[in-house]
Structures are given as C-alpha cells and as structure tokens.
**Student:** 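What follows is a structure written as structure tokens; I'll ask about it next.
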Amino acid sequence: MIRSLLSSSLALWACLAGPVLAEPATLYAESCAACHGDGRLGGSGPALIPETLGRMRGPDLTTVIAEGRAATQMPAFADQLSEQEIAALAEWLGTPLDHIPDWGAEEILASREIRGDYSAPDAPVWDADPMNITLAVETGDHHVSVLDGDTWDVLDRFATPFAVHGGPKFSPEGRYVFIMSRDGWVQKYDLWALQEVGRVRAGLNSRNIAMSHDGKWLAVANYLPQTLTILSTADLSPAHVMEVVAKDGTPSRVSAVYQAPQRQSFILALKDAPEIWEVATDPNADPVYEGFVHSREKGMVEAIASSEGLFARRRIETAEPIDDFFFTPDYRFLIGASRDGERGVVVNLTVGREVAELPLPGMPHLGSGISWERNGTRVMATPHLREGKLSVIDIENWQVTDTITTEGPGFFLRSHENSPYVWADVFFGPNKDAMHVIDKESLEIVRTLRPEPGATVAHVEFTRDGSYALVSVWEDDGAVIVYDALTLEEVTRLPMRKPSGKYNVWNKITFSDGTSH
Ligand code: DHE
C-alpha cells in the first residue's frame, strides 16, 4: 500500500516537473562515449574533462553540443537532446573525473601508432632551404602548414592531434618535428619526407614538450597524471615516466618543461610545490643530482639502464611555487612569475637558489620574454597579461629599467638578431588588432600595424636571416601576413585557419636571439 502510494506520488511529481530527463552519465554513454571515450579521456574526439575544456576557446560547451563544431567531426545534438539535457550534460562534463586511470609506460607504449606508410628518404623530397622552413600551426582546423620561407609555397598541410599547444620542437639537425596536443598526444613528423612518422599519448592532459640537447629524448610536461614523461625520439617509446612529488610528499602538476642546452638538462616548473627540478640528459651528470632511481616499468628503453646519470633529478627549492620561465641565454639564470602575478623571482640555476626579486605588477608573461644587447648591456623584455605595458629588465644587475606603454595587454614578443625591432602584439582588449614595432635601442614604438581592423593579430616569427616577419591574423578565416622586416611593408598574405604560432627551423635550432625557447 505504502509502495503504491509512493510510486503514484512520484509519477505525479514527474508529471508536474515536466518530461523525465536522462542522467548526464547515461546521455554521455549513449551520445558521446563512442568518440570521446568511455572514461571521457578522448578517442577520435578530444578528452572531455575540466582540464581540457577550461582551455578551449570559441563557443561555450552547450552551444557546441547543440550545434556541433565547424570543421570537425562533432555533430549537432539539438534534435536528439532537450535544452535541459544539453545543459545538464555540459555541467556534468565540467566536473572532475572520480578516478584518474593509470598512465604509465605500459599504457603510453600501448597508445603508440607508427605509420605503416612512412618511409624515410635520404634527402628532402623538395628543394627549398631546409633551414628556412617555417611551420604555421593552424588551430582553426588542427593542421600545420609547412612553408618554404623563400618562396612562401606551402609544401604540405598536415592534420595534427586536436588542440595543439606550445611550440613544436625540432630535432637538433632540423629534420624532425614533434608536436604536442593538450590531450597529451605527441606527433612526430619528418620534414624531409613531408610525412607523419607516428604519434603516442604521453599524458592525459599535457602542457608542453622539450627536446634534449642531443636530440635523443623528448620530455612531456603533464598535468594529468602528475608526471614527466620522457620519450625516445627515435621510436616514441617511453624511456622514463617520472612521478612528480615534492620533497614533503606533495604530488605536483608540471606547468612546463624546458631544454637547457648548455646545462644538458631539462628544467621543470612545478605548479603545486615550491621547487624547480632539473633532470639530467647527460649520462655523466654532475654529482649535485640525486641518485638516479630508474623504475624498470615494462616498455622502458633498455639502453638507459646502464647510464647512471641519465634522468637524474636535482631539486631547487624556492620560497613559493613559480612558473612561466624566462632563461638568460647562458641558462645560468631563470626568472619565474610569482603566484600573485606581481613579481619576478630570479633563480641562479648553478648555485640552486633565489638571488633577486623584481617588481613586475600586472601578471608578467615571462615565457614570452626575449633578450637582446642594448647600449652594451643585455636586456630582456616581457609583456604583461593584465596591463598594457612591456617591462624592460637589465639582466646584468636585475633592475627593471624601462616600461613601454602599449595599447593593451599582450601575449607574445619576438625579434631576431638581425632586426632592429621588437614586435609586440596586443592580444587582449579592444586593440587586439594592433601590432607594435619597437626600436630595440630607443625603446620607442616606431609603428603600430593594423593589417585587419577588428581581428586579433598576434605572434611573430622571422625568416632565417631576419629579413621577413610573419604575423598571424588569429581568426578562423585568418592569414599569415609576411612583412618586410625593415620597411614594415606587407609582402604577401597566406590564407590560414586561425593560425597561432609560427616556427622557423633555423631560429629554433640555433636558439636565435629573439625567439621563444
Ligand atoms: Fe600557451 C607556449 C602556457 C594559454 C598559445 N604556453 C606556451 C608555453 C607555456 C604556455 C608554458 C611554453 C611552451 C613551449 O612552447 O614549449 N599558455 C600557457 C598557460 O599557462 C596559459 C596562459 C593557460 C593555458 O591555457 O594553459 C596559456 N597559450 C594559451 C592560449 O590561450 C593560447 C594563446 C592559445 C592556445 O593555443 O591555447 C596559447 N602558448 C601558445 C603558443 C605558444 C605557447 C602559440 C608557443 C609560443 C612560441 O612562440 O613558442
């Protein structure tokens, strides 16, 4: 009797409350899992977890579910799901996973896909200057264009994993390039063959990659799981998966990993712990490193087992967690941003401690910092993400010497040793269509370019000799504009789908003054 009363009142409630809605988890299993994976960690579509979704630009999630995503396989669900179901599903996708699956060497190795149709040629299949090849990442439809930096011919345009982030990294001779997506996929591409070699999922949610000084290893900084994955560049197999745990036992995400060529090491920024890690890529690493503890997980490269110093780790303790590093050209010092976004903390990597602090209010974007010689001293400049200015710092005495006022907060800075100018975008705010060109000596803005009024214009890369500057019109029907780097006149415009970063082989492998590292 009680049961039948209960069920009839539930039925009445359901009637009053409107149509019965399916649980978001059920909706996910029925409509999303086939492409995005049973565990929301991705499949042919990207992972649908807050760590990834929070970084996606463009329309909000409910719109994407309802209307689909242009230029991708994502279909529209407005005909199949009600508005409330779409809203509930979007909210559910924004909740963290209950359980992070293991993603160690075994799982990484199992994800590896080596292309059966790839064959390595003895020489490039094109006749351009191999050192003047420039890649343009097109985030609009997840492709990379391979440009001949002399003729502007597009030699190839290949599909990348979804949502590439950070700079692709070239092998030291400039033949291979490695590209990472936010879902942790690392793609290896042979520029000589114009072919993908293969790809592997090195993490579940990743930040960036770094190449070792000798080109043998590629480090992948991960948020999920909290590890650093080191891949063999030869065959994309995992060589080492390092758990990132601070001295006091706190696990930490890795904000970013960088190559320190002169030090023959990787430098890691830890997101959740007041430590910087240095990981040796030299088998004869200095004794300042702690002993190398090699976990012999299945699938590890055997060759490293005998190399005691390889991947040995050194901790540098700091007063608070810092990230977003700028390195001096000799890699003896780094400046990291303090958590409050108000200061830069200078760390001497050789002695392993903080040596100075700089007032840098307005959230400096030190990772975009560049340095050059000015009036006999070496200076560096950094944009700020919250203020329309560039700070110029004397890196010989660690003083902020000048502030250049811009039309709004910027994201990227670029120059070249042969160029008299620094190029600074205005990424945020109403003047996002402006690109400042600044004299390296006088620090005056000599020209503000506005090639596409109303469109975001950002990120610059130079050709090998610095004579041309390539600028992105960062829109879905965008372009890469080639400027004469001296006259500042437009030379040509190459249509592209939301181009972001451009990367010239020579500038990257020689660590050109004025490029990002
Ligand atoms: Fe990036 C590089 C971190 C948001 C486009 N970005 C980097 C690097 C780091 C970093 C640590 C250096 C890696 C490297 O190249 O090896 N980025 C972060 C963030 O923490 C931040 C602010 C928040 C986040 O979403 O993770 C962030 N980045 C963005 C964007 O929103 C951008 C504009 C668009 C996008 O692709 O997501 C963006 N980041 C880039 C690009 C580079 C980059 C194009 C490489 C620049 C270069 O010239 O080398």
Side-chain angles (χ1 to χ4, degrees), residues 46 50-58 134-140 142 144 160-170 177-184 186 205-211 218-224 228 253-260 266-271 321-327 334 336-337 339 341 363-370 383-386 409-416 423-428 432 456-462 469-472 474-475 478 480 496-504 507-509 511-512 514-517:
E51 291 82 352
T52 308
L53 293 169
R55 302 287 172 218
M56 281 187 191
R57 306 293 180 274
T134 297
L135 302 187
V137 174
E138 293 183 62
T139 55
H142 314 282
V144 162
T160 65
F162 187 89
V164 164
H165 179 241
K169 299 290 146 57
F170 296 98
V177 65
F178 296 82
I179 297 167
M180 187 214 76
S181 76
R182 288 189 186 261
D183 280 350
V186 173
N205 185 255
S206 304
R207 300 286 301 161
N208 80 322
I209 51 178
M211 172 70 62
L218 190 84
V220 187
N222 298 321
Y223 265 8
L224 270 187
L228 179 83
R253 294 167 289 174
V254 185
S255 291
V257 58
Y258 307 87
Q259 179 196 157
F266 294 126
I267 307 284
L268 277 62
L270 268 52
K271 180 87 179 164
I322 51 172
D323 68 7
D324 189 21
F325 295 163
F326 164 83
F327 293 88
L334 66 76
R339 198 155 258 193
M363 186 74 83
H365 192 210
L366 292 159
S368 284
I370 57 166
H384 291 256
L385 300 174
R386 290 210 199 116
F411 209 90
F412 301 107
L413 271 191
R414 217 49 158 224
S415 189
H416 188 279
W423 295 56
D425 58 41
V426 181
F427 201 80
F428 305 98
K432 60 187 183 172
T456 301
V457 169
H459 195 279
V460 178
E461 174 62 304
F462 286 79
L470 281 65
V471 173
S472 291
W474 198 295
E475 302 287 340
V480 163
M496 298 214 183
R497 301 285 306 276
K498 210 175 199 180
S500 58
K502 284 86 54 206
Y503 308 90
N504 173 274
N507 293 342
K508 303 310 287 185
I509 65 176
F511 288 76
S512 151
T515 194
S516 57
H517 293 173

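Nothing here was measured: the structure is a model prediction, and the numbers come from that model. In listed order, ligands and their atoms are each counted from 1.
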**Student:** Between the candidates N208, T139, V460, which shows the shortest non-hydrogen contact distance to atom 12 (C) of ligand 1?
**Tutor:**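 The residue whose heavy atom sits nearest atom 12 (C) of ligand 1 is N208.
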
**Student:** Any N or O of S255 that comes nearer than 3.5 Å to an N or O of ligand 1?
**Tutor:**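 Between S255 and ligand 1 (N or O atoms, distance only) the closest approach is not under 3.5 Å.
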
**Student:** Hey, is E461 one of the residues with a heavy atom under 4.0 angstrom from ligand 1?
**Tutor:**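 Outside the 4.0 Å threshold, so no.
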
**Student:** Judged on heavy-atom distance to atom 33 (C) of ligand 1, which of F325, Y258, F427 sits nearest?
**Tutor:**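 Shortest heavy-atom distance from atom 33 (C) of ligand 1: F427.
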
**Student:** Can you figure out which of F412, F411, Y223 has its heavy atom closest to atom 46 (C) of ligand 1?
**Tutor:**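 It is F412 that holds the nearest heavy atom.
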
**Student:** Run the numbers for me: atoms of ligand 1, each under 4.0 Å from some heavy atom of K169, listed by number.
**Tutor:**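 Checking each atom against K169, I get 14 (C), 15 (O), 16 (O).
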
**Student:** Is there a donor-acceptor contact under 3.5 Å from the side chain of K169 to the main chain of L218?
**Tutor:**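 Pair absent, no side-chain N/O of K169 close to backbone of L218.
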
**Student:** Is atom CZ of R339 surrounded by more than 12 heavy atoms (other residues, nucleotides or ligands) closer than 6.0 Å?
**Tutor:**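 More than 12 within 6.0 Å, yes.
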
**Student:** Check each atom of ligand 1 against the heavy atoms of Y503 and keep those under 4.0 Å away; list them by number with element.
**Tutor:**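 Near Y503, meaning under 4.0 Å from one of its heavy atoms, ligand 1 has 44 (C), 45 (C), 46 (C), 47 (C), 48 (O), 49 (O).
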
**Student:** Below 4.5 Å, heavy atoms only, C-beta onward: do V177 and Y503 meet side chain to side chain?
**Tutor:**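 No, too far: nothing below the 4.5 Å cut-off.
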
**Student:** Considering distance alone, does some N or O of K508 sit under 3.5 Å from an N or O of ligand 1?
**Tutor:**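 No: no nitrogen or oxygen of K508 is under 3.5 Å from one in ligand 1.
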
**Student:** Give a yes or no on whether the ring-centroid distance for H459 and F411 is below 6.0 angstrom.
**Tutor:**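 Aromatic pair excluded; centres sit 6.0 Å or further apart.
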
**Student:** Check each atom of ligand 1 against the heavy atoms of H459 and keep those under 4.0 Å away; list them by number with element.
**Tutor:**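 Reading through ligand 1 atom by atom, the close ones are 46 (C), 47 (C), 48 (O).
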
**Student:** Tell me whether Y258 contacts the main-chain N or O of F325 through its side chain, where contact means a donor paired with an acceptor under 3.5 Å.
**Tutor:**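 Confirmed, Y258 side chain pairs with F325 backbone.
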
**Student:** Might you work through the side-chain contact (heavy atoms from CB on, under 4.5 Å) test for N504 and F462, ending with a clear yes or no?
**Tutor:** CA-CA 7 Å; N504 173 274; F462 286 79; over 6 Å; no

**Student:** What are the atoms of ligand 1, with element, lying closer than 4.0 Å to any heavy atom of A256?
**Tutor:**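 Near A256, the atoms of ligand 1 are 11 (C).
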
**Student:** Among G501, A269, G166, which one puts a heavy atom closest to atom 42 (C) of ligand 1?
**Tutor:**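 Answer by nearest heavy atom: G166.
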
**Student:** Against ligand 1, does H365 come closer than 4.0 Å with any heavy atom?
**Tutor:**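 Not so, H365 does not reach ligand 1.
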
**Student:** Determine whether R207 and R182 satisfy the following criterion, side-chain contact (heavy atoms from CB on, under 4.5 Å), listing intermediate values before the conclusion.
**Tutor:** CA-CA 6 Å; R207 300 286 301 161; R182 288 189 186 261; 4.2 Å; yes

**Student:** For K508, is there any backbone N or O sitting under 3.5 Å from a side-chain donor or acceptor partner on T515?
**Tutor:**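 A pair under 3.5 Å: no.
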
**Student:** Under 3.5 Å, N or O to N or O, is R182 touching ligand 1 that way?
**Tutor:**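 Such a contact does occur with ligand 1.
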
**Student:** Heavy-atom contacts with G167 under 4.0 Å: which atoms of ligand 1 show up? List them by number with element.
**Tutor:**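 Reading through ligand 1 atom by atom, the close ones are 14 (C), 15 (O), 45 (C).
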
**Student:** Between the main-chain N or O of H142 and the side-chain N or O of T160, is there a donor-acceptor pair closer than 3.5 Å?
**Tutor:**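 Indeed, once roles are kept as given, a pair shorter than 3.5 Å links the two residues.
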
**Student:** Using only atom types and a distance under 3.5 Å, with no angle test, would you say the side chain of E138 pairs donor to acceptor with the backbone of R497?
**Tutor:**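 The answer is yes, because a donor-acceptor pair under 3.5 Å joins these two groups.
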
**Student:** Given H165, K502, R414, M180, which one has a non-hydrogen atom that is nearest to atom 38 (C) of ligand 1?
**Tutor:**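 The option holding the nearest heavy atom is H165.
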
**Student:** Within the 4.0 Å heavy-atom shell around R207, which atoms of ligand 1 are there?
**Tutor:**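 Once the distances to R207 are compared, the set is 3 (C), 18 (C), 19 (C), 20 (O), 24 (C), 26 (O).
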
